[in-house]
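Structure, as structure tokens:
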Number of protein chains: 2
Amino acid sequence: MSSLMQKIKEVLPQLSEAEERIGKYVLGNPEAVPHMTTKELSQKSGVSEATIIRFCKSIGIGSFKSFKLALMKDLTLTDTNLTDFSVLDKKDSPYDLFHKVIHVNKSAIESCADSMDRKELAKAVEAIQHAKKIVFFGVGGSSTAAVDAQYKFTKLGYHSITSLDFHYMLSVIPHLTENDVFVAISTSGKTKDVLELTRFAQKKGATAIAITTLSKSPLYKEADIRLCTPNVEQDFRIGSIPSRMTQLTVIDTLYMSIFHHVGEKVLQQYYDARSEMESLRR
Amino acid sequence: MSSLMQKIKEVLPQLSEAEERIGKYVLGNPEAVPHMTTKELSQKSGVSEATIIRFCKSIGIGSFKSFKLALMKDLTLTDTNLTDFSVLDKKDSPYDLFHKVIHVNKSAIESCADSMDRKELAKAVEAIQHAKKIVFFGVGGSSTAAVDAQYKFTKLGYHSITSLDFHYMLSVIPHLTENDVFVAISTSGKTKDVLELTRFAQKKGATAIAITTLSKSPLYKEADIRLCTPNVEQDFRIGSIPSRMTQLTVIDTLYMSIFHHVGEKVLQQYYDARSEMESLRR
DNA sequence: TAAATAATGAATTTAAATTTCATTATTATA
DNA sequence: TATAATAATGAAATTTAAATTCATTATTTA
């Protein structure tokens with residue numbers, strides 16, 4: 001716990017009722033407060049604006065602005081890992097939500113570092129490097145990552161395929177061989193479509209890479225290579241927001257790694273494409 | 001040299017005379033500026049207050065307040081000068097790259113806070129709330145955000161459309177009316193396809209929301225509502241990685257805001273869909 | 001119970017940020 | 001070269017945020 005927050009906690013019992021309410025709100029939503037005005041904070045915590053000012057003085061800070069600055073500094077120093085989004089509030093304005101989204105997404109990406117296994121990652125890069133074809137598949141919220149990956153790897157010169165359509169995929173997979181890679185994306189690791197296609201691809205000899213959470217799910221168990229995303233809060237309100245960020249971070253890593261490797265070879269083509277794009281830019 | 005100061009240095013030659021004067025003052029007195037008002041800074045640097053505001057926008061930051069905050073952060077974070085990706089190294093292992101990707105993505109999301117204008121955001125949410133149809137369009141790296149948005153807003157019960165195909169979009173837009181919203185996604189704000197479709201949609205009376213960087217681009221100028229993403233480093237090696245993260249963060253915010261609003265109404269349907277999904281889960 | 005004190009928010013004032021608008025300078029075009 | 005179009009600029013007005021004042025209510029003390 002950092003110094004300002006600590007300080008607030010300490011003096012909380014000595015504060016008046018209204019000021020205590022502010023203190024509690026601040027402690028509960030520290031990352032939201034630095035972007036608020038006195039008016040907003042007064043409404044959120046159910047006191048008057050005047051009391052906000054008094055609160056600042058009570059905890060020994062001269063102005064509301066200084067208070068916000070101090071709080072912000074506090075938060076950056078102790079990168080709070082409040083991954084949960086339970087702090088959503090009826091009164092939240094779009095701007096408040098914006099800052100909460102920033103916070104959640106940042107936390108999600110940060111926590112990617114915890115779940116990734118470097119050996120598995122190395123294996124995945126190795127497999128993709130030598131792949132003739134790469135097929136990505138994800139449904140629902142995970143389809144975003146699949147679409148993104150397909151685009152990125154096409155840019156790198158790969159024969160890269162994805163589709164939201166299960167039956168389309170059924171027609172793609174029979175043509176896979178040992179040289180190919182099937183990347184299955186599913187947060188839960190239980191999605192039936194994804195599982196069935198993964199098994200099918202494996203039967204054709206393709207290497208199955210799973211981008212999924214570390215769990216006892218069938219996808220986790222059966223995949224050849226596991227790239228784990230962290231178990232981020234799955235609140236219904238935020239839906240798949242944070243998990244999609246983690247999936248994309250994994251995709252980005254694969255992309256960067258391959259780019260890094262094929263490097264110079266692709267680079268010239270890349271520049272060509274860029275200048276061509278400039279002139280053609282539709 | 002930290003990133004914001006670096007950025008100012010870079011754009012300095014492109015700025016107008018008055019704005020250049022501000023830039024020089026800031027570079028010369030970085031530690032003084034965060035505590036100044038627009039009036040003070042205008043006097044110190046010998047320009048008008050209005051020009052101060054324009055200067056902030058010129059360097060891609062949405063308000064003077066955000067500028068001061070960004071500058072302050074810049075000055076305190078002397079050690080983390082990894083913001084640029086030039087630190088890519090031939091010897092980097094996939095795992096090294098993974099951590100760099102995490103860093104870049106995190107920074108990109110963080111800097112979203114600088115460029116967003118709360119009023120524009122409120123306007124966007126308002127427009128979408130009352131929309132009958134929402135059309136998303138982005139090409140290249142920006143298509144990911146469009147696809148993601150389309151999925152999210154469909155889940156919220158909207159008639160939500162996107163396609164990668166310009167000609168398909170040409171057949172969609174004629175049916176738009178004043179009640180509809182067209183969301184154009186383009187980092188540069190110059191993509192021809194996006195511009196043409198945006199103008200077409202506006203001609204049909206739809207409200208055009210642009211998710212783009214704060215710049216003098218045609219898309220920025222012509223859009224009815226501007227949701228600005230920060231000017232993240234556009235290194236060819238990382239391509240559109242960070243800008244896609246910022247676009248998604250904006251999409252997430254819109255989604256959360258609308259969700260928050262329609263809230264209870266959709267919630268029941270949402271739960272129904274979930275349990276249905278459990279049983280149907282393919 | 002009455003006086004003193006403390007707590008509070010509504011209303012006001014002050015100050016800061018932002019926008020608008022008219023003016024001037026610059027550039028492109030006939 | 002003259003003229004229109006565009007961009008740059010600051011003065012003034014507007015909007016927004018912060019801070020103060022003051023009247024009201026609750027609480028404590030004698």
Side-chain angles (χ1 to χ4, degrees), chain A residues 11-26 32-72 93-96, chain B residues 11-26 32-72 114-123 214-218 220-222 224-226 228:
Chain A
V11 297
L12 211 55
Q14 293 143 43
L15 295 177
S16 71
E17 200 187 330
E19 291 185 15
E20 191 186 354
R21 223 161 336 140
I22 301 168
K24 279 182 180 162
Y25 183 88
V26 173
V33 177
H35 310 288
M36 291 184 178
T37 65
T38 51
K39 202 180 192 178
E40 281 180 295
L41 181 53
S42 78
Q43 287 165 348
K44 295 270 165 61
S45 54
V47 302
S48 72
E49 291 183 60
T51 307
I52 303 286
I53 306 294
R54 284 187 207 111
F55 169 81
C56 295
K57 315 242 164 170
S58 292
I59 59 170
I61 291 179
S63 76
F64 183 62
K65 243 194 255 178
S66 303
F67 170 69
K68 286 196 290 188
L69 283 175
L71 190 56
M72 192 175 300
S93 72
Y95 197 66
D96 294 330
Chain B
V11 298
L12 211 56
Q14 293 143 43
L15 295 177
S16 70
E17 199 188 330
E19 290 184 14
E20 191 185 354
R21 216 150 355 127
I22 300 167
K24 278 182 180 160
Y25 183 88
V26 172
V33 177
H35 310 290
M36 291 184 178
T37 65
T38 50
K39 201 180 195 175
E40 282 179 295
L41 181 53
S42 78
Q43 288 164 349
K44 296 265 166 64
S45 54
V47 301
S48 73
E49 290 182 60
T51 306
I52 303 285
I53 305 291
R54 284 187 208 109
F55 169 80
C56 295
K57 313 241 166 177
S58 293
I59 59 171
I61 290 180
S63 74
F64 182 62
K65 243 194 257 178
S66 300
F67 170 70
K68 286 194 291 187
L69 284 175
L71 190 57
M72 191 176 301
D114 300 336
S115 50
M116 178 62 72
D117 183 303
R118 74 192 298 161
K119 273 189 242 155
E120 293 287 298
L121 177 59
K123 283 203 291 189
L214 183 48
S215 69
K216 283 172 187 147
S217 72
Y220 180 85
K221 272 188 219 150
E222 297 175 25
D224 300 308
I225 301 173
R226 294 167 258 264
C228 293

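Just so we're on the same page: letters track the sequence lines, and every chain starts at 1. The figures that follow rest on heavy atoms only: side chains count, while hydrogens, waters and symmetry mates do not.
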Nearest listed nucleotide, side chain of B:Ala50, among C:dG9, D:dT16, D:dA11 |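 In terms of side-chain proximity for B:Ala50, the closest of C:dG9, D:dT16, D:dA11 is D:dA11.
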Check every atom of C:dT8, D:dT9, D:dT20 against the side chain of A:Ile53 and return the nucleotide holding the closest atom.
->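 Nucleotide nearest to A:Ile53's side chain: D:dT20.
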Look at [X] and [N] and indicate whether a side-chain polar atom (N or O) is within less than 4.0 Å of OP1 or OP2.
| X | N | answer |
| --- | --- | --- |
| A:Thr37 | D:dA17 | no |
| A:Thr38 | D:dA18 | yes |
| B:Ser48 | D:dT9 | no |
| B:Thr51 | D:dG10 | yes |

Between [X] ([atom1]) and [N] ([atom2]), how many Å, whole number?
| X | N | atom1 | atom2 | result |
| --- | --- | --- | --- | --- |
| A:Arg21 | C:dG9 | CZ | C1' | 12 Å |
| B:Glu49 | C:dT18 | CD | C1' | 9 Å |
| B:Glu120 | C:dT19 | CD | P | 9 Å |
| B:Leu69 | C:dA17 | CG | P | 11 Å |
| A:Glu40 | D:dA17 | CD | C1' | 11 Å |
| B:Lys57 | C:dT20 | NZ | P | 10 Å |
| B:Asp117 | D:dT16 | CG | P | 11 Å |
| B:Lys216 | D:dA8 | NZ | C1' | 9 Å |

With nearest nucleotides of DNA chain D determined for B:Lys221 and A:Arg54 from heavy-atom distances, which residue corresponds to the more 5′ nucleotide?
->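 Comparing both residues, the 5'-ward one is B:Lys221.
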Closest nucleotide of DNA chain D for B:Val47 versus for B:Arg118: which of these residues is on the 5' side?
->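 It is B:Val47, whose closest nucleotide lies nearer the 5' terminus.
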Go through residues 59-67 of chain B and report each residue with a non-hydrogen atom lying under 4.0 Å from DNA chain C, sorted by number.
->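 The answer is B:Ser63, B:Phe64.
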Side chain to side chain contact (heavy atoms under 4.5 Å, CB included) involving A:Lys24 - partner list, sequence neighbours excluded =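 With sequence neighbours excluded, A:Lys24 shows a side chain to side chain contact (heavy atoms under 4.5 Å, CB included) to A:Leu12, A:Glu20, given in chain and number order.
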All side chain to side chain contact (heavy atoms under 4.5 Å, CB included) counterparts of A:Ile22, not counting sequence neighbours =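 A:Ile22: side chain to side chain contact (heavy atoms under 4.5 Å, CB included) contacts with A:Val26, A:Leu41, A:Ser45, A:Val47, A:Thr51, A:Ile52, A:Phe55.
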Could you check whether any side-chain N or O of [X] sits under 3.5 Å from a backbone N or O of [Y], counting only pairs where one atom can act as donor and the other as acceptor?
| X | Y | value |
| --- | --- | --- |
| B:Arg226 | B:Tyr220 | yes |
| B:Ser115 | B:Cys228 | yes |
| A:Lys68 | A:Met36 | yes |
| A:Arg54 | A:Glu19 | no |

Beyond-backbone contact of B:Thr37 with B:Glu49, side-chain heavy atoms, under 4.5 angstrom |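 In short, these two side chains do not touch, never coming nearer than 4.5 Å.
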